[in-house]
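Input: a single structure, listed below in structure tokens.
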Amino acid sequence: MEESVRPSSTVNGTSQHIDLQSIPLPPQRGAGNATAVDHTSARPPYAAWESRYRAWVIGSDVFTAFVLIVMSAFLIDRSDPHDMHALGTAAAFLFGLSVCRAWSPRVLGEGAEEYRTLGRGLMTTAVLVALGGLLFGALAVQPWVFIVVPMISVVMFLQRYALRQVLHRRRRLGECLLPVLAAGSPDTVADLIARTKADPHVGWRVEAVCTYSGAGAERGSGEVEGVPVVGKLDELAGHVRRGGYRVVAVTADQHWNPKRLQRLAWDLEGTSAEMVVAPMLMEVAGPRLNVSGVLGMPLLRVSAPSFTGGRRLVKEVLDRFGSTLLLTLVSPLLLAIAVAIKLDDRGPVIYRQRRVGRDGHTFTMLKFRTMVTGADKLKQSLQADNEGAGPLFKMRKDPRVTRVGGLLRRYSLDELPQLFNVVSGRMSLVGPRPPLPEETAKYAPDARRRLLVKPGLTGLWQVSGRSDLSWAESVRLDLRYVEDWSLALDLVILWKTFRAVVQGRGAY
């Protein structure tokens with residue numbers, strides 16, 4: 001799940017790619033080293049792991065499509081795999097994924113964007129197969145459009161996920177990382193370094209820094225967050241050429257200006273580095289950001305967040321249908337949990353609590369009871385032991401939690417009755433955390449933007465640490481969801497929620 005600056009694996013228009021094998025790590029710079037280390041000799045391993053990863057992705061996609069198309073030719077048309085339906089589907093598949101850039105190095109490993117482009121490519125494949133059937137009179141294409149292509153899609157998404165997990169595992173071990181030279185003010189560079197260390201799966205490792213003065217965060221310091229400062233902004237291109245860096249990350253600094261950035265872009269031409277510039281305005285990403293040229297000037301267009309319209313209608317339908325289906329599937333589990341709670345202390349099974357929903361409207365949220373009866377009255381006496389951030393009240397070892405409640409909380413099973421809130425339209429499957437009325441009364445203006453959409457059964461807060469998050473971080477994640485919402489992001493969050501719940505991370 002990735003913030004203001006995102007890694008990319010395309011360098012000056014040249015495809016560079018990724019590896020599943022163990023890759024030698026580049027030489028590490030000493031904490032006090034103020035001279036760029038020559039990484040020219042490290043370029044072949046970087047090119048090798050990137051190229052090999054892309055080859056694995058393309059090879060697995062093509063192999064999957066080939067096998068399933070051949071099988072379908074025999075099962076559906078009862079003929080050899082060289083019939084028109086099979087050949088047409090294969091051609092549509094190759095064209096659809098290529099034209100939608102589903103194999104572009106820019107999207108491989110790029111969060112929801114990789115799945116979004118893959119989905120567009122497979123949708124294009126289905127449309128081409130259908131149109132081809134009409135154009136060439138092959139009208140019996142329905143099984144290929146509605147069975148074969150969706151079957152290929154499911155297997156392909158699972159393959160992409162499996163390959164990405166292998167890549168992420170390598171990156172957590174310090175392998176398969178792109179060497180980055182960060183340039184900007186010490187404060188913004190320090191923020192970038194902290195983010196790359198916290199999320200190694202994005203594939204960046206900041207190995208050198210350039211600042212305007214050539215100094216670190218403190219006067220006379222030669223490093224920022226343990227990363228050496230190798231020079232000034234005007235010396236940046238020379239260090240890139242000598243150091244073999246793959247990404248030049250430009251962060252906010254008052255000394256950046258259009259002329260200096262343009263000169264830097266020119267100086268980096270012909271090197272192995274890609275220049276990436278943080279918007280420096282706000283934490284908005286994804287489909288809301290577009291760059292266009294107006295009056296000869298490159299302008300960053302930020303479209304308004306979508307809170308209504310066709311995509312929101314699709315989300316509403318999926319919420320109602322998905323929650324109804326989930327309730328049907330887990331109904332035996334709901335009954336078993338209800339019996340366990342009742343036998344534990346003979347108290348009520350369901351806990352009802354007023355929460356704040358979209359536009360500030362309150363509703364009654366349903367949960368399985370995990371605390372002793374009358375737990376709200378005991379809260380005041382426990383305020384001194386509050387470990388929650390901001391207006392939240394949390395305790396790792398809350399004495400009010402029952403034996404059954406502790407197990408339910410660990411795996412978030414107490415949240416399951418909220419599916420009824422989703423069916424009724426009060427909540428969504430994915431969205432910001434549903435706050436208490438007393439919490440919203442303390443909200444700053446930025447935090448109130450969480451109320452522009454329905455609260456969710458899960459969200460970015462659920463897959464990014466849950467109760468371990470600071471208040472500022474939970475607000476930032478919720479605002480990011482509000483600003484950058486997409487159906488692809490919802491699907492990614494739902495899948496990551498399943499993993500977080502199974503592992504029981506950050507829940508208490």
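None of these values were measured; they are calculated from a predicted model.
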Quiz prompt | Other residues, nucleotides, ligands: >12 heavy atoms within 6.0 Å of Phe66 CZ | solution = no

Quiz item: What heavy-atom pair brings Ala249 and Val180 nearest, and what distance separates the two atoms?
Solution: CB-CG1, 4.0 Å

Quiz prompt | Expected output: side-chain Ser428 to main-chain Lys454 donor-acceptor under 3.5 Å | solution = no

Quiz item: Which pairs pass salt bridge (charged side-chain N to carboxylate O under 4.0 Å, His left out) with one or both residues in residues 86-95, sequence neighbours excluded?
Solution: none

Exercise. Please identify each residue that fulfils side-chain contact (heavy atoms from CB on, under 4.5 Å) with Val475, with sequence neighbours left out.
Key: Ala447, Arg450, Trp471, Leu479

Exercise. Using the test salt bridge (Lys or Arg N to Asp or Glu O under 4.0 Å), find all partners of Asp267 that sit at least two apart in sequence or belong to another chain.
Key: none

Self-check item: Pairs satisfying salt bridge (charged side-chain N to carboxylate O under 4.0 Å, His left out), at least one member in residues 59-71, at least two apart
Solution: Asp61-Arg160

Practice problem: Provide the closest heavy-atom pair for Leu163 versus Ser60 in the form atom of the first, atom of the second, distance. | Solution: CD1-OG, 3.7 Å

Practice problem: Quick one: list whatever passes salt bridge (Lys or Arg N to Asp or Glu O under 4.0 Å) with Arg320, sequence neighbours left out. | Solution: Glu316

Quiz item: Can you tell me how far CG of Leu326 sits from CG of Leu419, rounded to the nearest 0.5 angstrom?
Solution: 5.5 Å

Quiz item: Asp319: what forms a salt bridge (Lys or Arg N to Asp or Glu O under 4.0 Å) with it, not counting sequence neighbours?
Solution: none

Self-check item: Non-neighbouring partners of Glu235 that pass salt bridge (Lys or Arg N to Asp or Glu O under 4.0 Å), sequence neighbours left out
Solution: none

Quiz prompt | Main-chain N/O of Val430 paired with Tyr481 side-chain donor or acceptor, under 3.5 Å | solution = yes

Quiz item: Once the angle between the rings of Phe93 and Trp103 is folded into 0 to 90°, is it parallel (under 30°), tilted (30 to 60°) or perpendicular (over 60°)?
Solution: perpendicular

Quiz item: Would you find a donor on one side and an acceptor on the other, under 3.5 Å apart, between the side chain of Thr196 and the backbone of Ile193?
Solution: yes

Quiz item: Roughly how far, to the nearest 0.5 Å, is the CG atom of Leu233 from the SG atom of Cys210?
Solution: 7.0 Å

Quiz item: Got a second to check how far Ser104's OG is from Arg54's CZ, nearest 0.5 Å?
Solution: 7.0 Å

Practice problem: Identify, with sequence neighbours excluded, every residue that meets side-chain contact (heavy atoms from CB on, under 4.5 Å) alongside Ala190. | Solution: Val224, Glu225

Quiz item: When you measure from the side chain of His239 to the backbone N and O of Val230, does any donor-acceptor pair fall under 3.5 Å?
Solution: yes

Self-check item: side-chain contact (heavy atoms from CB on, under 4.5 Å) partners for Thr497, two or more places apart
Solution: Thr458, Gln462, Val463, Ile493, Val501

All N/O donor-acceptor pairs, side-chain side in residues 118-128, below 3.5 Å, sequence neighbours left out:
{"from": "Thr124", "atom 1": "OG1", "to": "Arg120", "atom 2": "O", "distance (Å)": "2.8"}
{"from": "Thr125", "atom 1": "OG1", "to": "Ala92", "atom 2": "O", "distance (Å)": "3.4"}
{"from": "Thr125", "atom 1": "OG1", "to": "Gly121", "atom 2": "O", "distance (Å)": "2.9"}

Quiz prompt | Backbone N/O of Pro179 and side chain of Arg246: donor-acceptor pair under 3.5 Å | solution = no

Quiz item: In terms of the angle between their ring planes, are Trp495 and Tyr161 parallel, tilted or perpendicular, with boundaries placed at 30° and 60°?
Solution: perpendicular

Quiz item: Is Arg312 positioned over the aromatic face of Trp485, cation under 6.0 angstrom from the ring centre and no more than 45 degrees off axis?
Solution: yes

Practice problem: Applying side-chain contact (heavy atoms from CB on, under 4.5 Å), name anything that partners Leu318, two or more places apart in sequence or on another chain. | Solution: Val314, Leu487

Exercise. Check ring pair (Phe, Tyr, Trp, His ring centres under 6.0 Å) between Phe63 and all other residues, then give those that pass, not counting sequence neighbours.
Key: none

Quiz item: In terms of side-chain heavy atoms, does Arg433 have a donor or acceptor partner in Ser474 at a distance below 3.5 Å?
Solution: no

Quiz item: Looking just at side-chain N and O atoms, do Thr211 and Lys232 make a donor-acceptor pair shorter than 3.5 Å?
Solution: no

